**Q** 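Dropping the structure in here first, questions after.
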Amino acid sequence: MVDSDYKKRATELVKKAQQKGLIKKYSDFCDTKESKEYALSEKEVIYYTSKIKGAN
């Protein structure tokens, strides 16, 4: 499950960027410095993907 505070923060970030005309597509966002700043660490990716596999 996605934490509601995290989801709200991400939504607001994307909305602000769209209003400022900084982002046109998701692929454009992936090329920005902010996308790397907010990206999950390798340990977090492993943790969350293992949680999904364990649920099956």
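None of the values given here were measured: they were computed from a predicted structure. Side chains included, hydrogens not; waters and symmetry mates left out as well; all remaining heavy atoms used.
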**Q** May I have all residue pairs that pass side chain to side chain donor-acceptor pair (under 3.5 Å) and include part of residues 33-42, sequence neighbours excluded?
**A** S41-E44
**Q** Among residues at least two apart in sequence or on other chains, which ones pass side chain to side chain contact (heavy atoms under 4.5 Å, CB included) with V14?
**A** Q18
**Q** List the residues meeting side chain to side chain contact (heavy atoms under 4.5 Å, CB included) with A39, not counting sequence neighbours, and say none if there are none.
**A** none
**Q** Quick check on the hydrophobic clustering: are Y48 and V45 connected, directly or via other members, by side-chain heavy-atom contacts under 4.5 Å?
**A** yes
